[in-house]
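One structure below.
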Amino acid sequence: MTEKYLENTIVAYTIIGGATMLRRLFSYMHQYKKYAFLALLCIAAESVFELIVPLIMADLVDVGVASGDREYIFRKGLEMVICGVIALILGVGSARFSALAGQGLGAELRLAEYEKLQKYSFSNIDHFRVSSLVTRLTSDVTNIQNTVSTGMRPFCRGPVMLVAATGVAFSINKELAVVFLVALPVLACLLFCITMKVRPLYGTMQGAIDRVNRIIQENLTAIRVVKAYVRGDYEIAKFEQGNENLKQQSERAFRLAALNMPAMQFVMYGTILSILWFGGELINTGGMEVGELTGFLSYVLQILNSLMMISNVFLMMTRSIASGVRIMEVIDEKIDITDEKARDIQVERGEIEFQHVWFKYKEEAKEYVLSDISFHIAPGQTVGIIGQTGAAKTTLVQLIPRLYEAAKGTVRVDGVPVEEYPMEHLRDAVAMVLQKNTLFSGTLLSNLKWGKENASMEEVEEACRIACADEFIQNLPKGYETEMGQGGVNVSGGQKQRLCIARALLKRPKVLILDDSTSAVDTATEGRIRQRMREYLPDMTKIIIAQRISSVRHADQILILDDGKINGMGTHEELLKNNEIYRQIYDSQKEGAEL
């Protein structure tokens with residue numbers, strides 16, 4: 001008794017949850033609702049005109065043909081043609097409006113997802129794989145928009161035809177129409193069972209698409225590594241495994257969904273045979289005319305076709321609900337970094353202070369990545385951060401523009417906690433050149449103007465001169481109008497780094513963070529960049545993360561990070577005298593240079 005109750009409860013929640021999900025999805029239709037309404041209106045009117053045709057045909061046979069009245073036959077035939085033409089026009093209109101509504105809904109859902117993604121913090125993005133987000137923005141949205149575009153017609157036409165045709169069938173012959181009272185519940189039960197079984201399979205199938213996309217994305221992103229290590233066969237085998245899994249999951253889902261047609265045909269042919277059997281008996285006993293049976297069979301076919309439409313719509317909606325759940329996971333993701341405490345203030349000087357800051361990537365994590373970090377950077381100072389790989393240097397500086405939020409303690413800029421700045425102003429005042437340099441498709445100039453969209457050419461040229469990017473730009477075929485390949489493949493690593501530095505400098509930020517951003521630049525060029533920044537940008541606070549001591553030895557102060565803790569702080573000379581870790585790094589690099 002308890003197991004049965006639990007099963008019924010799960011089914012009830014599934015139905016209610018599905019209805020709620022569809023209601024939420026359709027709430028994004030916005031201005032396209034009018035097209036959906038017009039499509040439903042056209043479909044309902046078209047169905048009415050199509051239902052009139054069998055009635056006219058029955059009169060044509062029983063009255064016109066039986067009496068040999070040619071004028072009556074032609075008049076009824078003309079009425080049938082007029083009804084057919086009107087139904088055709090309404091059908092074209094419904095197809096157009098359905099397409100507009102479906103594509104519009106898809107566009108709004110994609111926009112809503114993309115807008116939400118732009119508000120994600122790094123930790124929010126960490127909850128999803130990039131390949132999964134791409135699938136949710138493309139394949140899942142396509143499933144929903146196709147359901148609306150192609151499913152609106154059967155969704156409206158099916159119930160209208162079912163109710164109207166059943167009513168007319170009962171008006172023609174009540175005794176014969178009783179057959180439907182048996183056929184309809186049988187079909188409904190079969191359809192319900194198929195739908196409940198296939199719904200979770202659609203979600204699993206979309207997950208398999210995620211995995212295939214992930215394999216493709218990783219392979220294309222790292223194609224140079226794959227070819228350098230001659231791992232093409234391994235990648236092919238990995239893709240084949242993911243592709244085979246997708247095929248199997250799709251086969252399971254569609255094999256079960258395909259049972260819809262045999263179930264429909266079983267009920268359809270059983271109903272037709274029963275009507276012909278009982279109808280023939282009624283004709284023999286004089287209880288029914290041949291024309292009535294002909295018209296009745298027309299309505300039977302319309303009723304059964306409407307049931308087939310409804311069953312197909314249920315299957316389409318089932319897949320849409322599975323995709324809708326995945327889309328809403330993106331839209332419903334709670335943003336952990338907001339402007340809730342923000343005031344209308346801006347960064348003026350670029351002073352930075354960490355007060356007993358602790359950080360970990362996940363709340364449930366046992367250990368902190370950063371532990372009790374405290375230091376102060378005065379406006380205009382140049383500060384170097386150095387430490388072993390994995391010492392959390394990048395994580396530390398990402399707390400300044402609030403790319404991550406500190407778990408405990410306070411990060412201050414100009415004496416104000418960072419959460420009190422509007423994020424747009426804070427991040428505009430803090431320029432960060434990340435370890436992974438990214439250039440976008442488009443011209444070199446358009447990439448540079450990401451730093452400042454309305455920058456003049458003089459400002460662009462000055463930023464490139466400070467970053468020593470002008471040295472190679474003038475040698476490019478089209479100069480600043482040179483097209484960058486995807487990811488900037490037509491420039492070297494060092495050139496890409498200098499372009500990214502110039503892009504950051506163009507913002508004229510109060511704080512500039514260079515996260516190992518000169519690792520691919522030779523020492524002489526790095527020295528020129530450092531010298532020019534000191535000359536032209538004396539008031540800008542500069543934080544330099546580096547592996548080479550030569551990159552930070554001229555800084556006003558240097559922080560030594562070790563296992564997420566500050567191990568030492570001071571100038572190059574002070575640390576060389578007092579800090580063991582710094583001295584070991586210095587000696588190893590000096591020894592390497594001598595060798």
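Numbers for residues simply follow the sequence, beginning at 1.
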Measuring only between side-chain heavy atoms, which start at C-beta, is [X] closer than 4.5 Å to [Y]?
| X | Y | answer |
| --- | --- | --- |
| Thr150 | Met316 | yes |
| Leu40 | Met152 | yes |
| Asn447 | Leu499 | no |
| Val141 | Glu113 | yes |
| His127 | Tyr120 | no |
| Arg211 | Arg214 | yes |
| Asn245 | Gln241 | no |
| Thr443 | Thr482 | no |

Where do [X] and [Y] come nearest, in terms of heavy atoms and distance?
| X | Y | value |
| --- | --- | --- |
| Met205 | Leu246 | O-CD1, 3.8 Å |
| Leu439 | Cys500 | CD2-SG, 4.2 Å |
| Asn143 | Ser323 | ND2-OG, 2.9 Å |
| Lys238 | Ile215 | O-CD1, 3.6 Å |
| Phe440 | Met484 | O-CB, 3.9 Å |
| Asp140 | Arg326 | OD2-NE, 2.8 Å |

Are more than 12 heavy atoms from other residues, nucleotides or ligands located less than 6.0 Å from atom [atom1] of [X]?
| X | atom1 | answer |
| --- | --- | --- |
| Glu240 | CD | no |
| Phe97 | CZ | yes |
| Tyr234 | OH | no |
| Tyr480 | OH | yes |
| Asp332 | CG | yes |

Compile the donor-acceptor pairs under 3.5 Å between side chains in residues 26-36 and protein atoms, sequence neighbours left out, one pair per line.
residue : atom : partner : partner atom : Å
Ser27   : OG   : Arg24   : O            : 2.4

Output the distance between atom [atom1] ([X]) and atom [atom2] ([Y]), rounded to the nearest 0.5 Å.
| X | Y | atom1 | atom2 | result |
| --- | --- | --- | --- | --- |
| Asp428 | Lys452 | CG | NZ | 10.0 Å |
| Leu117 | Lys119 | CG | NZ | 11.0 Å |
| Leu137 | Ile327 | CG | CD1 | 8.5 Å |

Determine, for [X] against [Y], whether the closest basic-nitrogen to carboxylate-oxygen distance falls under 4.0 angstrom.
| X | Y | value |
| --- | --- | --- |
| Glu244 | Lys247 | yes |
| Glu79 | Lys76 | yes |
| Lys478 | Glu483 | no |

* To do: Given side-chain hydrogen bond (donor to acceptor under 3.5 Å, both in side chains), test Asn124 with Ser121 step by step and report yes or no.
  => CA-CA 5 Å; Asn124 287 127; Ser121 67; 3.1 Å; yes

* Asked: Do Thr135 and Asp210 get their side chains close enough for a donor-acceptor pair, meaning under 3.5 Å?
  -> yes

* Ignoring hydrogens and angles, tell me if any N or O in the side chain of Ser446 forms a donor-acceptor pair with the backbone of Gly442 under 3.5 Å. => no

* Asked: Are any side-chain N or O atoms of Lys116 and backbone N or O atoms of Glu333, one a donor and one an acceptor, separated by less than 3.5 Å?
  -> yes

* Asked: Does the pair Arg427 and Leu403 meet the rule for a side-chain contact (heavy atoms from CB on, under 4.5 Å), with working shown?
  -> CA-CA 9 Å; Arg427 291 174 182 173; Leu403 297 177; 4.0 Å; yes

* Taking the inter-plane angle between the rings of Tyr361 and Tyr404 on a 0 to 90° scale, is it parallel (under 30°), tilted (30 to 60°) or perpendicular (over 60°)? -> perpendicular

* **side-chain contact (heavy atoms from CB on, under 4.5 Å) assessment of Leu445 paired with Met457** => CA-CA 9 Å; Leu445 182 61; Met457 276 308 299; 3.8 Å; yes

* Pairs touching residues 94-104 that satisfy side-chain hydrogen bond (donor to acceptor under 3.5 Å, both in side chains), sequence neighbours left out -> Gln103-Gln145

